[in-house]
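Here's the structure, in structure tokens; my notes come after.
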Amino acid sequence: MTDTDTFRREAAELLGPRGFTFDQELIEPWLTDWRGRYTGKAVGLASPVSTDDIARFVKLCAIHEVPIVPQGGNSGMSGGATPGESGSSVVLSLRRMRSIRAMDVEARQVTCDAGVVLQTLHETVEAEGLRFPLTLGGKGSATVGGLISTNAGGTQVLRHGTMRAQVLGIEAVLADGAVFSGLVPLKKDNRGFDLKQLLIGSEGTLGIVTAATLRLLPQVADRRVTWIGLSSISKARNLLLHCEQEAGEALEGFEVMPAHCLESVLAYLPEARSPLAGTHAWHALVELVAGNGETEQLDSLVEKMLSGALERDLIEDAVISTSEAQAEAFWQLRDSISPAERAIGPAMQHDISVPVARMAEFVETVSPRVEERFPGTRAVGFGHLGDGNIHFHILAPQDAIRGEWERTEGKAISAYVHDLVTEFGGSISAEHGIGQMKRDELGRLGDPVALQLMRNIKQALDPQGILNPGKLVPLARDASTP
Ligand SMILES: Cc1cc2nc3c(=O)[nH]c(=O)nc-3n(C[C@H](O)[C@H](O)[C@H](O)COP(=O)(O)OP(=O)(O)OC[C@H]3O[C@@H](n4cnc5c(N)ncnc54)[C@H](O)[C@@H]3O)c2cc1C
């Protein structure tokens with residue numbers, strides 16, 4: 001019996017037939033990332049249902065030195081949940097850990113398992129008159145554990161912050177199988193290091209998040225979603241400042257996209273319609289919300305904001321949602337950009353941030369530079385302008401071969417874009433994380449002191465290096481991806 005056989009037998013004994021499989025047909029769907037950029041192999045797929053089972057399973061992996069790739073909804077954008085090609089790792093799926101453990105309506109807190117899907121979380125807390133103020137296009141798949149491990153952003157960061165701001169407590173299994181029980185919903189707690197913050201955004205390299213206590217807000221009483229046509233991204237930036245000034249706390253979301261993105265979505269969703277009759281070089285989606293007792297002023301607030309924008313020549317046209325269905329339809333256009341672009345063909349995606357004040361300049365100057373240097377490509381920037389975070393995608397020339405183009409010209413494009421982002425004082429990962437996609441680039445461009453600190457922390461928490469090796473931390477000696 002080989003070591004692999006022994007590991008598989010012991011894992012199956014520990015977790016039972018539903019908890020562990022090495023049937024390649026069952027494993028295969030989980031070996032490729034959402035974008036289809038990476039495909040790996042695995043020694044098995046573990047799907048435990050409790051924290052205790054995960055702790056025991058991690059101990060088993062440590063004994064057999066089997067690397068663990070934690071996986072939630074597999075909707076991540078950086079290949080962090082995809083194992084390497086050697087087939088020596090095990091995929092640890094959290095998808096069967098999906099209980100809402102407790103909800104305290106008065107304290108506005110929910111404690112849930114890591115495998116709870118974001119959309120389920122939204123629906124569960126909404127039934128109690130509350131809301132979880134983080135959403136994103138992948139909400140039907142993304143899990144609480146994945147959102148925490150990538151410190152996800154989404155379309156409400158402008159007002160509510162990233163996942164980091166929503167987490168009050170975390171439970172996690174560490175590399176030696178110990179359980180960190182940090183589900184402490186205290187508002188103030190100064191007992192030394194804030195260990196949960198270390199785990200947030202660590203992409204499964206420091207621990208396996210098994211549960212979390214999350215902050216909730218009262219549900220919004222009403223909202224207006226406005227679709228706006230503009231002539232340029234510079235105007236969009238000025239519109240953002242205008243909306244911030246006019247709408248204040250009511251401003252919940254501010255997203256932008258060039259005409260190309262809207263056209264791609266309309267081609268992808270045959271039943272969808274463009275919200276405006278005319279054509280515009282850029283589009284903005286602006287959401288304003290009202291709490292109880294504020295709904296009456298909402299319409300006048302939106303109208304005043306828009307008429308001011310028209311007077312200042314910031315916008316060309318606008319339409320305000322008149323129903324919840326229309327508001328949803330506008331958001332569906334925004335949320336469908338990623339799948340629509342994926343359907344077109346290969347692209348190099350850059351989830352970048354630069355200081356908000358320089359974002360328009362970045363898009364306007366870097367896009368033509370990239371297109372000129374790499375003929376046949378097209379630069380498209382869309383997303384969270386309010387956070388200084390744009391998804392800057394370079395679409396491949398028409399004759400590009402998917403898979404090959406990304407490895408060759410695509411790689412050179414990303415290096416070029418990341419160099420320019422660095423020149424602008426920005427970040428090569430605003431919200432999607434590093435995963436396997438950007439690990440080398442982080443190693444190339446990151447601050448050496450910060451990188452060494454990351455390596456030291458990784459070494460301290462996972463001395464065997466079994467938690468998601470080959471991801472995030474550019475270890476000098478970790479050249480291969482198991
Ligand atoms: C259409 C679409 C739109 C998106 N829009 C946005 C957006 O606007 N903003 C944004 O930030 N992201 C966005 N995403 C990306 C994605 O939804 C997020 O990164 C999300 O947080 C991933 O959650 P997941 O459960 O799918 O994690 P996975 O993809 O399964 O894993 C992501 C990373 O977290 C690790 N991980 C997962 N679960 C755990 C756990 N329990 N413990 C430890 N490590 C774990 C994995 O090893 C991996 O490194 C979008 C995705 C899609 C498909």
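Only heavy atoms go into these numbers, but all of them, side chains included; no hydrogens, no water, no symmetry mates. Nothing fancy with the numbering, it's 1 onward along the sequence. Small disclaimer: the values here were computed from a predicted structure and weren't measured. Counting starts at 1 for both ligands and their atoms, in listed order.
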For this session: Could you tell me which residues satisfy side-chain hydrogen bond (donor to acceptor under 3.5 Å, both in side chains) with R37, sequence neighbours excluded, listed by chain and number?
Result: Q349
Seminar exercise, completed: min-distance protein heavy atom vs atom 30 (O) of ligand 1 -> G72 N, 2.7 Å
For this session: Looking only at distances, please establish whether an N/O atom of ligand 1 is found under 3.5 Å from an N/O atom of G153.
Result: yes
For this session: Could you walk me through whether D176 and K59 pass the salt bridge (Lys or Arg N to Asp or Glu O under 4.0 Å) test, one step at a time?
Result: CA-CA 6 Å; D176 60 357; K59 278 184 191 150; over 6 Å; no
Exercise. Is Q219 reaching over with its side chain to a backbone N or O of E126, donor-acceptor style, under 3.5 angstrom?
Worked result: yes
For this session: Please confirm whether S338 comes within less than 3.5 Å of ligand 1 when only nitrogen or oxygen atoms on both sides are compared.
Result: no
For this session: Would you check the N or O atoms of S149, main chain and side chain alike, for any that come under 3.5 Å of an N or O of ligand 1?
Result: yes
Exercise. Going by the atom numbers of ligand 1, which of them fall below 4.0 Å from some non-hydrogen atom of G76?
Worked result: 19 (O), 26 (O), 29 (O)
Problem set entry | Under 3.5 Å donor-acceptor, E203 side chain and I434 backbone | yes
Exercise. Counting only N and O atoms by type, is there a donor-acceptor contact under 3.5 Å from the side chain of R159 to the main-chain atoms of P133?
Worked result: no
Exercise. Which residue from S429, S75, G138 reaches closest to atom 15 (C) of ligand 1 through any of its heavy atoms?
Worked result: S75
Exercise. Would a distance-only check, ignoring hydrogens and angles, find a side-chain to backbone donor-acceptor pair under 3.5 Å from D23 to E25?
Worked result: yes
For this session: Indicate yes or no: does an N/O atom of P339 lie under 3.5 Å from an N/O atom of ligand 1?
Result: no
Problem set entry | Closest to atom 33 (C) of ligand 1 among L92, T150, V91, V117 (heavy-atom distance) | T150
Exercise. Does K458 reach the main-chain N or O of V473 with its side chain, forming a donor-acceptor pair under 3.5 Å?
Worked result: no
Exercise. Short list, please: which atoms of ligand 1 are under 4.0 Å from a heavy atom of L136?
Worked result: 5 (N), 6 (C), 7 (C), 8 (O), 9 (N), 10 (C), 12 (N), 13 (C), 17 (O)
Exercise. Is there a side chain to side chain donor-acceptor pair (under 3.5 Å) between T39 and T32 once you walk through the steps?
Worked result: CA-CA 4 Å; T39 297; T32 298; 2.8 Å; yes
For this session: Can you sort out the partners of D52 under side chain to side chain contact (heavy atoms under 4.5 Å, CB included), two or more places apart, ordered by chain and number?
Result: S50, R56
Exercise. Where on H432 is there a heavy atom closer than 4.0 Å to ligand 1, on the side chain, on the backbone, on both, or on neither?
Worked result: side chain
For this session: Would you mind checking which non-hydrogen protein atom is closest to atom 47 (O) of ligand 1, with the distance to 0.1 Å?
Result: P70 O, 2.6 Å
Problem set entry | E441 and K438: CA distance, side-chain angles, deciding distance, salt bridge (Lys or Arg N to Asp or Glu O under 4.0 Å) verdict | CA-CA 5 Å; E441 285 293 83; K438 294 184 189 162; over 6 Å; no
For this session: Decide whether an N or O pair under 3.5 Å exists between N74 and ligand 1.
Result: yes
Problem set entry | Geometric N/O contact W34 with ligand 1, under 3.5 angstrom | no
For this session: Look at atom 31 (O) of ligand 1 and say which protein heavy atom is nearest, naming residue and atom and giving the distance to 0.1 Å.
Result: A81 CB, 3.6 Å
For this session: Would you check, one step at a time, whether the test ring-ring contact (aromatic ring centres under 6.0 Å, His included) holds for H350 with H391?
Result: CA-CA 6 Å; H350 309 98; H391 302 308; over 10 Å; no
For this session: Spell out, as yes or no, whether a donor-acceptor pair under 3.5 Å connects the side chain of Q436 to the backbone of K471.
Result: no
Exercise. Can you list the ligand 1 atoms lying under 4.0 Å from a non-hydrogen atom of G207?
Worked result: 43 (C)
Exercise. Any sub-3.5 Å donor-acceptor pair from S353's side-chain atoms to N389's backbone N or O?
Worked result: no
Exercise. For atom 38 (N) of ligand 1, what's the nearest protein heavy atom and its distance?
Worked result: G146 N, 3.5 Å
Problem set entry | Whether F362 and F424 hold their rings parallel, tilted or perpendicular, with breakpoints at 30° and 60° | perpendicular
Seminar exercise, completed: re atom 52 (C) of ligand 1, the protein heavy-atom contact at minimum distance is M77 CE, 3.5 Å
Exercise. What atoms of ligand 1 come within less than 4.0 Å of a heavy atom belonging to L94?
Worked result: 41 (N)
Problem set entry | For V209, the ligand 1 atoms whose distance to one of its heavy atoms is below 4.0 Å | 40 (C), 41 (N), 42 (N), 43 (C)
Exercise. Which atoms from ligand 1 have a heavy atom of H384 less than 4.0 Å away?
Worked result: 8 (O)
Exercise. Any N or O on E203 sitting closer than 3.5 Å to an N or O of ligand 1?
Worked result: yes
Problem set entry | CA sep, side-chain torsions, deciding dist, call: E328, R223, salt bridge (Lys or Arg N to Asp or Glu O under 4.0 Å) | CA-CA 11 Å; E328 270 305 306; R223 66 170 174 168; 2.9 Å; yes
For this session: With heavy atoms of G80 as the reference, note each atom of ligand 1 found under 4.0 Å away.
Result: 47 (O), 48 (C), 49 (O)
For this session: Would you check whether G433 reaches within less than 4.0 Å of ligand 1, judged by its heavy atoms?
Result: no
For this session: Identify, for atom 7 (C) of ligand 1, the protein heavy atom at the shortest distance, and state residue, atom and that distance.
Result: E431 OE2, 3.4 Å
For this session: Compute the shortest N/O to N/O distance between A142 and ligand 1 and return yes if it is under 3.5 Å, no if not.
Result: no
Exercise. Considering only heavy atoms from C-beta outward, does the side chain of I208 approach that of L92 to under 4.5 Å?
Worked result: yes
Exercise. Got the closest protein heavy atom to atom 25 (O) of ligand 1, with its distance?
Worked result: T143 OG1, 2.6 Å
Problem set entry | N468 N/O to ligand 1 N/O under 3.5 Å | yes
Exercise. Do the numbers put R334 on top of the ring of W227, so that NZ or CZ is under 6.0 Å from the six-membered ring centre and no more than 45° off the axis?
Worked result: no
Exercise. Does at least one non-hydrogen atom of I208 fall below 4.0 angstrom from an atom of ligand 1?
Worked result: yes
Problem set entry | Atoms of ligand 1, numbered as shown, that sit under 4.0 Å from any heavy atom of A152 | 11 (O), 21 (O)
Exercise. Taking the non-hydrogen atoms of K471, is any one of them nearer than 4.0 angstrom to ligand 1?
Worked result: no
Problem set entry | Whether G435 lies under 4.0 Å from ligand 1, heavy atom | no
